Trainee: 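Could you have a look at this structure, given as structure tokens, before my questions?
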Amino acid sequence: MSYADTLFIQMCEDILANGTDTRGERVRPHWEDGSPAYTIKKFCVVNRYDLRKEFPAMTLRKTNLRNCVDELLWIWQKKSNNIHDLHSHIWDSWADETGSIGTAYGYQLGVRHQYKEGEFDQVDRVLYDLKHNPFSRRILTNLYNHEDLHSMHLYPCAYSMTFNVTQEDGKLVLNAILNQRSQDVLTANNWNVCQYAVLLHMFAQVSGMVAGELVHVIADAHIYDRHVDLVRELISREPLPAPRFWMNPDVHDFYEFTPEDFRLENYETHPQIKIPVAI
């Protein structure tokens with residue numbers, strides 16, 4: 001059975017049973033009708049996924065890998081902050097009349113910085129270090145730039161990645177920690193997990209490594225009030241076998257990957273559910 005399903009069920013059960021209810025408190029998010037979007041929240045959820053064993057796609061409901069990858073490439077490869085470069089509408093609520101989401105996400109990854117080895121943006125710095133200094137303890141990215149927060153239409157949720165290389169059977173293994181300040185568990189948990197699992201596979205392949213562990217750290221893991229019944233329905237379902245992940249083995253340049261270079265094989269899931277999104 002899918003390990004991602006098992007972790008998701010355990011996480012949701014824990015949040016619902018032991019979380020803090022924010023009803024009656026002052027909260028920023030709201031529903032489309034203007035009502036406050038309250039949550040049941042748990043502090044510091046940590047989930048570990050070993051990508052050598054299986055790809056962490058849920059089967060309790062379908063995660064659209066193509067759209068996940070499209071958004072991932074929009075941020076990490078195109079380094080864009082404009083929704084016109086994206087092939088879905090998930091960012092429309094935070095874009096201005098030009099399509100910009102401000103100085104957030106891809107914008108931050110594309111800013112170039114001066115290092116003693118030369119000038120790089122954050123993505124190219126990771127690629128450089130994985131090639132030239134893979135055992136460095138300083139290989140990381142950070143999107144939470146306080147200097148630019150005022151001009152971000154949404155503060156980064158998944159805000160940093162820390163990469164760490166180990167060895168196994170003579171092979172270099174690339175591991176990573178994804179830090180997330182806040183997460184809407186029903187809407188975004190498996191979406192983010194799949195995205196950053198793909199990213200880890202990408203960086204590993206172009207660096208001649210094997211993808212290892214993805215550790216997901218969520219500071220505020222929450223279930224919205226209007227999601228509680230949907231979550232209970234979802235976690236009552238029986239997990240199905242995990243799918244097989246395929247990535248085009250012929251791509252060895254990070255900037256040559258396209259959404260067509262990834263797919264999930266034998267991906268069987270339970271029916272989709274309609275989820276209201278708080279903004």
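Everything quoted here is computed from the prediction, not taken from an experiment.
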Trainee: Given 3.5 Å as the limit, does a donor-acceptor pair link the side chain of D96 with the main chain of S100, or not?
Mentor: yes
Trainee: Measure from NZ or CZ of R125 to the centre of the six-membered ring of Y115, then state whether that distance is under 6.0 Å and the direction lies within 45° of the axis.
Mentor: yes
Trainee: Under a 3.5 Å distance rule, please check whether H30 uses its side chain to pair with a backbone N or O of I279 as donor and acceptor.
Mentor: yes
Trainee: Who passes salt bridge (charged side-chain N to carboxylate O under 4.0 Å, His left out) against D92, sequence neighbours left out?
Mentor: none
Trainee: For the residue pair T141 and V126, establish whether any side-chain heavy-atom pair is separated by less than 4.5 Å.
Mentor: yes
Trainee: Is there side-chain contact between E268 and T59, with at least one heavy-atom pair below 4.5 Å?
Mentor: no
Trainee: With distance as the sole criterion, is a donor-acceptor pair present between the side chains of Y107 and N82 under 3.5 Å?
Mentor: no
Trainee: Which pairs, with at least one residue in residues 260-279 and sequence neighbours excluded, count as a ring-ring contact (aromatic ring centres under 6.0 Å, His included)?
Mentor: F257-F262
Trainee: Looking at E25 and R23, does any basic side-chain N land under 4.0 Å from a carboxylate oxygen?
Mentor: no
Trainee: Please enumerate all residues that pass side-chain hydrogen bond (donor to acceptor under 3.5 Å, both in side chains) together with E256, with sequence neighbours excluded.
Mentor: none
Trainee: Is L172 reachable from L140 through a run of I, L, V, M, F, W or Y residues, each pair having side-chain heavy atoms under 4.5 Å apart?
Mentor: no
Trainee: Measuring only between side-chain heavy atoms, which start at C-beta, is I40 closer than 4.5 Å to T20?
Mentor: no
Trainee: Got a sec, which residues hit ring-ring contact (aromatic ring centres under 6.0 Å, His included) with H113, two or more places apart in sequence or on another chain?
Mentor: none
Trainee: What heavy-atom pair brings A57 and L264 nearest, and what distance separates the two atoms?
Mentor: CB-CD1, 3.9 Å
Trainee: Find out whether L178 and V217 are in side-chain contact, i.e. whether some heavy atom of one side chain is under 4.5 Å from a heavy atom of the other.
Mentor: no
Trainee: Could you tell me which residues satisfy ring-ring contact (aromatic ring centres under 6.0 Å, His included) with Y128, sequence neighbours excluded, listed by chain and number?
Mentor: F120, H132
Trainee: Could you tell me if the side chain of V165 sits less than 4.5 Å from the side chain of L130, heavy atoms only?
Mentor: yes
Trainee: Please determine whether residues I177 and V193 belong to a single hydrophobic cluster, defined as Ile, Leu, Val, Met, Phe, Trp and Tyr linked transitively by side-chain heavy-atom distances below 4.5 Å.
Mentor: no
Trainee: Check K171 with D169, please: is the shortest side-chain N to carboxylate O separation under 4.0 Å?
Mentor: no
Trainee: List in chain and number order the residues that pass ring-ring contact (aromatic ring centres under 6.0 Å, His included) with Y49, two or more places apart in sequence or in another chain; answer none if no residue qualifies.
Mentor: none
Trainee: Given the rule that I, L, V, M, F, W and Y join up when any side-chain heavy atoms are under 4.5 Å apart, are L154 and I83 in one cluster?
Mentor: yes
Trainee: Does the side chain of T166 come under 3.5 Å of the side chain of N175 through a donor N or O and an acceptor N or O?
Mentor: yes
Trainee: Using every non-hydrogen atom in the two residues, find where N81 and A104 come nearest and quote the distance to one decimal.
Mentor: CB-O, 3.9 Å
Trainee: Applying salt bridge (Lys or Arg N to Asp or Glu O under 4.0 Å), which residue pairs with at least one partner in residues 217-227 are found, sequence neighbours left out?
Mentor: D33-R226, K41-D220
Trainee: Which is it for T103 and D148 under the side chain to side chain donor-acceptor pair (under 3.5 Å) test, yes or no, and what are the steps along the way?
Mentor: CA-CA 6 Å; T103 57; D148 288 337; 4.6 Å; no
Trainee: By ring-ring contact (aromatic ring centres under 6.0 Å, His included), which residues pair with H216, not counting sequence neighbours?
Mentor: none
Trainee: Is the shortest side-chain heavy-atom distance between M1 and P241 below 4.5 Å?
Mentor: yes
Trainee: Is there a continuous path of hydrophobic side-chain contacts, each under 4.5 Å between heavy atoms, that joins I75 to L214?
Mentor: yes
Trainee: Side-chain heavy atoms under 4.5 Å apart, restricted to Ile/Leu/Val/Met/Phe/Trp/Tyr: what other residues fall into the cluster of L149, or is it alone?
Mentor: Y144, M152, Y155, Y159
Trainee: Contact between W76 and Y196 at the side-chain level, heavy atoms closer than 4.5 Å - yes or no?
Mentor: yes
Trainee: Sequence neighbours excluded and cut-off under 3.5 Å, please list the side-chain donor-acceptor pairs for residues 200-211, or say none.
Mentor:
residue : atom : partner : partner atom : Å
Q205    : NE2  : N248    : O            : 2.8
Q205    : NE2  : V251    : O            : 2.7
S207    : OG   : F203    : O            : 2.8

Trainee: Answer yes when R138 and D129 have at least one side-chain N-carboxylate O distance shorter than 4.0 Å, and no when they do not.
Mentor: no
Trainee: Going by the rule salt bridge (charged side-chain N to carboxylate O under 4.0 Å, His left out), which residues pair with E213 if we only count those two or more places apart in sequence or in a different chain?
Mentor: R48
Trainee: Any donor and acceptor pair, going by atom type alone, linking the side chain of H227 with main-chain N or O of L186 inside 3.5 Å?
Mentor: no
Trainee: Identify, with sequence neighbours excluded, every residue that meets side-chain hydrogen bond (donor to acceptor under 3.5 Å, both in side chains) alongside E233.
Mentor: R237
Trainee: I need the C157 SG to I218 CD1 distance, nearest 0.5 Å.
Mentor: 11.0 Å
Trainee: Without hydrogens or angle criteria, can the side chains of N190 and T63 be said to hold a donor-acceptor pair below 3.5 Å?
Mentor: yes
Trainee: How many angstroms lie between atom OG of S236 and atom CD of E238, to the nearest 0.5 angstrom?
Mentor: 10.0 Å
Trainee: With a 3.5 Å cut-off and no angle check, do the side chains of Q108 and Q122 form a donor-acceptor pair?
Mentor: no
Trainee: How about CD on E147, more than 12 heavy atoms from neighbouring residues, nucleotides or ligands closer than 6.0 Å, or not?
Mentor: no
